[in-house]
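Have a look at the structure below, then the notes.
Chain letters run A, B, ... following the sequence lines, proteins first and then strands; every chain starts at 1. As the structure is a prediction and not an experimental result, all values here were calculated from the model.
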Amino acid sequence: MNYNFNEIEAKWQKFWAENKTFKAENKSDKPKYYVLDMFPYPSGAGLHVGHPLGYIASDIYARYKRHQGFNVLHPQGYDSFGLPAEQYAIQTGQHPAITTAENIKTYRRQLDQIGFSFDWSREVRTSDPNYYKWTQWIFIQLFNSWYSIDSDKAEDISELIKIFNSEGNSKVNAVCDEGIESFSAEDWESFSSKKQQQILLQYRLTYLAETEVNWCPALGTVLANDEIVNGVSERGGHPVIRKKMTQWSMRISAYAERLLQGLDTIDWTDSLKESQRNWIGKSVGAAVTFKLEGHKEVVDVFTTRPDTIFGVSFMTLAPEHELVQKITTNEQKAEVDAYILATAKRSERDRMADVKTITGAFTGAYVEHPFTKEPIPVWIGDYVLAGYGTGAVMSVPCGDQRDYDFAKHFNIPIPNIFDGIDISEEAFADKEKTIIGNSDFLNGLNYKKATKRAIFELEKIGHGKEKINYRLRDAVFSRQRYWGEPFPVYYVNGMPQMINKAHLPITLPEVEKYLPTETGEPPLGNATVWAWCTETNSVVNNEKIDNKTVFPLELNTMPGWAGSSQYFNRYMDPNNDNEIFSKEAINYWQQVDLYIGGSEHATGHLLYSRFWQKFMFDKGYVNHDEYAKKLINQGMILGTSAFVFRVEGENKFLSKGLIDNINVQPIHADVSFVNSSDELDIESFKNWRPEFKDAEFITEEDGTFKVKRDVEKMSKSKFNVVNPDDIVADYGADSLRLYEMFLGPLEQYKPWNTAGITGVHSFLKKLWKLYVGENGLKVNDAEPSKDSLKTLHKTIKKVQEDIENFSFNTSVSTFMIAVNELTAQKCTSKHILEPLLILISSYAPHIAEELWNQLGHNESISTAPFPEFDASHLVESSKNYPISFNGKMRFTLELPLDMSKDDIEKAVMAHEKTQSQLQGRSPKKVIVVPGKIVNIVG
RNA sequence: GCUCAAGUGGCGGAAUUGGUAGACGCGCUGGAUUCAAAAUCCAGUUCUUUCGGGAGUGUGGGUUCGAUUCCCACCUUGAGUACCA
């Protein structure tokens with residue numbers, strides 16, 4: 001009987017599906033464990049071997065936890081809204097829903113053949129109306145909330161209205177828009193309904209505001225900051241410009257501090273936490289107000305160095321700063337206008353690329369120093385960003401290199417306020433070594449004390465206060481796209497209203513064109529049949545829109561991250577039509593215990609979802625304000641591209657060794673044309689593209705044509721994609737699973753090399769032979785040998801440690817060693833081979849399930865308990881214990897057979913004592929590692 | 001520039017708390033089997049050597065009886081971020 005992996009794998013995949021082996025119940029006597037994967041976007045290209053890496057790891061862990069007696073939730077779904085499907089629809093007219101459904105089918109087939117233990121009864125799709133109904137519902141909850149600084153959480157908007165009614169807004173301490181006018185209770189009552197709505201909008205957690213956005217004309221939509229790479233769109237590489245538009249925004253800035261603090265409570269990788277910390281960008285300092293001479297306005301700045309306030313020799317405003325026009329004197333107007341025009345012309349990209357050139361202009365205006373009352377000139381310069389802080393800085397050239405360079409360039413004085421520091425060459429920015437001088441009441445103080453004192457003095461004269469600034473901006477939530485969640489919003493007199501929950505979901509309408517309308521409205525403006533409102537809160541679904549009586553609906557859709565921000569909670573109760581999830585479900589599953597996914601979502605999905613979770617926590621829907629206890633980032637599997645070299649200007653190809661000094665152009669060749677010795681199959685390559693048909697190929701002396709190999713990201717355009725379908729067909733899913741783990745540490749980037757898979761494949765064949773001989777099963781009830789018991793328990797220990805440390809690569813080696821040893825020992829005992837199978841079943845479930853079944857078990861191996869480790873089997877049965885000492889010397893200690901671990905330790909200790917006395921040293925500690933040599937630590 | 005991660009054979013990578021560096025796999029070399037090939041099995045495989053050894057985990061120092069592991073400085077690569085006041 002041979003190892004027929006294709007037959008075995010199909011058989012057990014069918015069995016698991018039919019018996020719902022991995023269905024998780026929301027009630028159990030067992031402890032719960034929730035293992036989550038980042039759900040995939042179902043792209044048209046299907047899966048390549050890099051995609052399942054994280055899923056294999058999480059599957060091993062989920063299966064391990066089941067063996068340990070946990071009730072495991074291990075769901076999977078699809079993040080199925082997104083731009084590629086829409087772009088495809090624009091090009092072909094094919095409805096995104098259709099292509100998405102097809103892609104999902106392919107993904108499902110590909111995932112199924114790898115043998116994952118997903119509970120598919122809990123599948124979610126973000127583009128499914130039954131799912132995005134709840135995305136819309138959360139949006140409404142956010143709209144109906146504001147952030148109270150006093151209670152430090154989201155509160156219901158009705159509470160805020162109550163406060164406005166009774167005492168106005170002067171005592172309201174909220175995270176809200178800047179510059180809201182204060183009003184009394186009487187004022188509030190006198191306001192029109194529209195004015196009241198406008199004011200409330202400035203407090204809501206999701207709000208409509210005119211914001212400067214990243215507009216991508218080619219894609220016809222706005223993009224979030226994390227969708228832009230090097231000034232062009234991540235998708236397609238189109239140019240992006242800044243543009244003012246009315247957009248929905250999420251007030252994530254309200255949660256900046258909690259998002260930062262929460263990082264300390266979760267077990268995520270340090271590098272990922274660090275990215276989030278940088279993205280949130282907290283800086284502690286002071287807000288300082290400078291009076292403008294001859295104007296009633298003031299200039300507010302934010303600074304992290306209030307201790308250097310006496311070093312201020314000029315102010316710098318961003319060119320876009322609103323005061324610039326007002327304060328510029330007539331003499332300076334021409335120069336300032338010219339400068340503003342010049343900077344406006346420069347794209348964001350140019351500005352980023354060229355940070356060395358110092359530019360700026362003097363406005364002619366002066367502010368007054370709050371303490372010395374000296375006049376300070378006000379400049380504008382594009383090194384000050386309009387979007388950060390207040391868009392204005394107090395420039396301290398002696399303490400900040402940029403201010404220093406600016407001052408040098410424009411011959412502005414550079415007063416020195418540091419004791420004993422030479423600033424003739426560069427600014428001095430070392431806070432630790434700072435001693436302030438030349439600064440009135442701050443003289444002689446260090447950075448910390450001077451900062452405290454400066455803030456105290458500023459507060460005293462009403463010119464400033466302590467302030468914490470965050471780099472984190474509110475997130476723009478509108479997209480001018482078709483293939484996304486519609487907003488549950490309609491407008492009355494231009495003011496947004498929420499559609500009643502009873503009418504949800506507001507489903508996507510059919511449109512003829514997926515491009516924006518001719519008047520520039522988003523694609524949903526093309527709909528002629530859709531949901532519409534005849535009067536407030538009365539929605540008619542899917543009828544022809546009657547333009548006379550209708551209140552218009554929001555035509556934007558939500559961004560990609562909307563659907564992925566609560567999916568992990570929806571998995572707990574995915575088919576619930578009445579609630580996003582039941583109380584029972586969330587109380588049982590609580591939160592994700594282990595989350596595995598890529599680190600590319602560090603400042604996107606992984607930040608937004610934490611924000612929504614904190615909001616859901618504030619509203620009492622969930623029990624934890626962090627949803628994922630532990631997160632692991634799997635590294636990417638890279639492709640090994642193959643390059644052929646074409647002589648510049650000729651249709652002639654040179655083998656790798658012949659290039660020398662000839663001018664050649666490297667061209668990607670499909671990796672399927674290249675064998676493991678890097679030789680190109682010239683015929684296949686010629687037939688690949690018509691232009692290569694008649695090309696000339698110059699081979700090496702031995703007649704082969706060699707390609708150059710290079711490791712790159714796996715991608716269709718680089719022709720280095722390896723399809724898991726082919727691997728499964730040739731070697732089986734178990735081989736694929738083992739090999740992906742064997743490639744290297746989970747979190748590391750590593751290249752794929754199909755040639756190496758023979759190693760794990762032959763391991764599986766050996767494993768099969770260990771159990772099955774020519775006449776069927778070889779396993780019997782024989783007493784296991786000491787050596788076999790040792791092999792087994794060594795393996796149990798190692799594999800358990802490996803899984804708990806997520807070092808899946810080394811357990812594959814451990815299995816190989818175990819099978820080799822047991823084969824050499826001619827082990828046939830079921831007391832060894834049964835537990836071994838359970839260990840392997842997490843990694844290679846199909847073969848394990850088959851052998852388990854042949855051993856006479858009717859239940860799936862996934863229900864078997866994890867074997868217990870017994871250290872007593874690991875005690876050396878050999879007589880000799882080599883002792884490493886002093887690097888060079890070795891002692892051999894003779895000990896009786898079958899000594900206990902403690903006795904060995906005592907014996908070694910005694911021996912070591914005499915030896916070390918001879919050496920003139922005394923030992924501190926003796927370590928006995930079962931199964932290994934004895935170590936002495938001095 | 002800043003932050004983070006990582007540098008070990010021809011390659012992917014092991015090495016637990018500082019204790020025999022290179023497990024395991026690929027590749028390569030030799031052998032067995034075969035008419036032959038594939039497959040399988042066995043042996044070898046860090047470098048160097050006068051066959052006694054010697055050197056060796058990016059480089060240079062340090063701590064230690066002992067360092068791939070800890071400390072300091074530097075170099076290289078990768079990732080993220082970028083005029084953040």
Side-chain angles (χ1 to χ4, degrees), chain A residues 225-226 269-279 281-283 285-286 288 301-305 308 315-316 318 351-352 354-358 381-385 387-396 399-403 405-406 429 469-472 599-600 602-603 633 635-636 640 676-677 709 711 738-739 742-745 747-763 765-766 769 797-798 801-802 805 807 809-817 820 882-890 916 919-921 923 925 927 929 932-938:
Chain A
N225 287 335
D226 58 276
T269 59
D270 287 338
S271 69
L272 197 134
K273 287 192 199 178
E274 203 53 37
S275 304
Q276 292 210 348
R277 283 192 194 106
N278 288 339
W279 195 261
K282 178 181 184 175
S283 41
V288 186
V301 302
F302 171 74
T303 179
T304 54
R305 298 294 304 272
T308 62
M315 304 286 291
T316 316
R351 211 165 141 168
M352 263 158 53
D354 176 28
V355 297
K356 293 253 160 64
T357 317
I358 295 157
D382 70 356
Y383 81 96
V384 177
L385 304 177
Y388 182 76
T390 60
V393 301
M394 57 175 230
S395 302
V396 184
D400 182 288
Q401 195 57 43
R402 291 155 305 167
D403 295 345
D405 294 340
F406 194 87
N469 208 38
Y470 298 93
R471 203 183 68 111
L472 183 69
S599 57
E600 65 273 19
T603 53
N633 295 122
M636 205 179 281
T640 313
S676 56
S677 311
R709 292 288 200 163
V711 173
L738 283 170
Y739 189 53
F742 184 71
L743 275 177
E747 294 172 81
Q748 196 166 300
Y749 279 56
K750 47 210 175 270
W752 177 269
N753 171 21
T754 303
I757 200 171
T758 53
V760 293
H761 187 64
S762 64
F763 155 72
K765 285 195 273 192
K766 283 183 206 164
K769 273 194 199 155
K797 185 165 188 278
K798 183 76 170 71
E801 279 170 9
D802 283 345
N805 295 321
S807 319
N809 53 329
T810 48
S811 0
V812 180
S813 301
T814 308
F815 290 141
M816 290 179 181
I817 294 166
N820 283 340
I883 297 171
S884 154
F885 188 71
N886 200 10
K888 312 277 178 202
M889 291 169 142
R890 263 188 231 166
S916 60
Q919 302 281 323
R921 278 185 295 272
K925 203 169 145 196
I927 299 173
V929 182
K932 215 188 155 188
I933 50 151
V934 181
N935 302 320
I936 293 148
V937 177

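- With sequence neighbours left out, A:Glu747 forms a salt bridge (charged side-chain N to carboxylate O under 4.0 Å, His left out) with no residue at all.
- Considering only side-chain N and O atoms, A:Lys750 lies nowhere under 4.0 angstrom from the phosphate OP1 or OP2 of B:G13.
- Across all strands, A:Ser271 comes closer than 4.0 Å only to sugar-phosphate atoms, never to a base (heavy-atom distances).
- Atom pair A:His761:NE2 and B:C24:C1' shows a separation of 18 Å (rounding to whole Å applied).
- Taking atom P in both B:G56 and B:U68, one finds a spacing of 10 Å when rounded to whole Å.
- Among the atoms of the strands shown, none is found under 4.0 Å from any heavy atom of A:Thr269.
- Nucleotide B:U20 forms a pair with no other nucleotide shown, judged by Watson-Crick or G-U wobble geometry with both contacts under 3.5 Å.
- No side-chain donor-acceptor contact under 3.5 Å links A:Asn469 to the backbone of A:Ser283.
- When the side chain to side chain donor-acceptor pair (under 3.5 Å) test is applied to A:Ser811, the partners found at least two apart in sequence or on another chain are A:Asp802, A:Tyr843.
- The side chain of A:Tyr739 places no N or O atom within less than 4.0 Å of a non-bridging phosphate oxygen (OP1 or OP2) of B:G25.
- Map A:Asn820 and A:Phe302 each onto its nearest nucleotide of RNA chain B; the residue landing nearer the 5' end is A:Asn820.
- If you check every strand for non-hydrogen atoms under 4.0 Å, A:Lys766 touches sugar and phosphate atoms only.
- Proximity note for A:Thr810 (side chain, C-beta onward) versus B:A15, B:C83, B:C26: the nearest is B:A15.
- To the nearest whole angstrom, the two C1' atoms, one in B:G9 and one in B:G25, are 14 Å apart.
- Aromatic rings from A:Trp752 and A:Tyr739 are positioned such that their centres are separated by under 6.0 Å.
- Put simply, the side chain of A:Met315 reaches to within 4.5 Å of the side chain of A:Val301, judged on heavy atoms.
- Base-pair partner of B:G9: not found among the strands shown (Watson-Crick or G-U wobble, both distances under 3.5 Å).
- Separation of the P atoms belonging to B:C2 and B:U8 is 25 Å when rounded to the nearest angstrom.
- Atom P of B:C26 sits at a distance of 14 Å from the matching atom of B:A43, rounded to the whole Å.
- A gap of 22 Å separates the P atoms of B:C28 and B:U33, to the nearest Å.
- Note on A:Asn469: nothing from the nucleic acid sits closer than 4.0 angstrom, heavy atoms only.
- Residue A:Glu747 is classed as having no contact, given no heavy-atom separation below 4.0 Å to the nucleic acid.
- Here, B:U63 and B:A73 have their C1' atoms 15 Å apart, quoted to the whole Å.
- With distances taken from any side-chain atom of A:Phe742 to the nucleotides B:G25, B:A85, B:A39, the minimum falls on B:G25.
- Distance noted for atom C1' between B:G62 and B:G18: 15 Å (whole Å).
- Nucleotides B:C75 and B:G60, compared at atom P, are 15 Å apart to the nearest Å.
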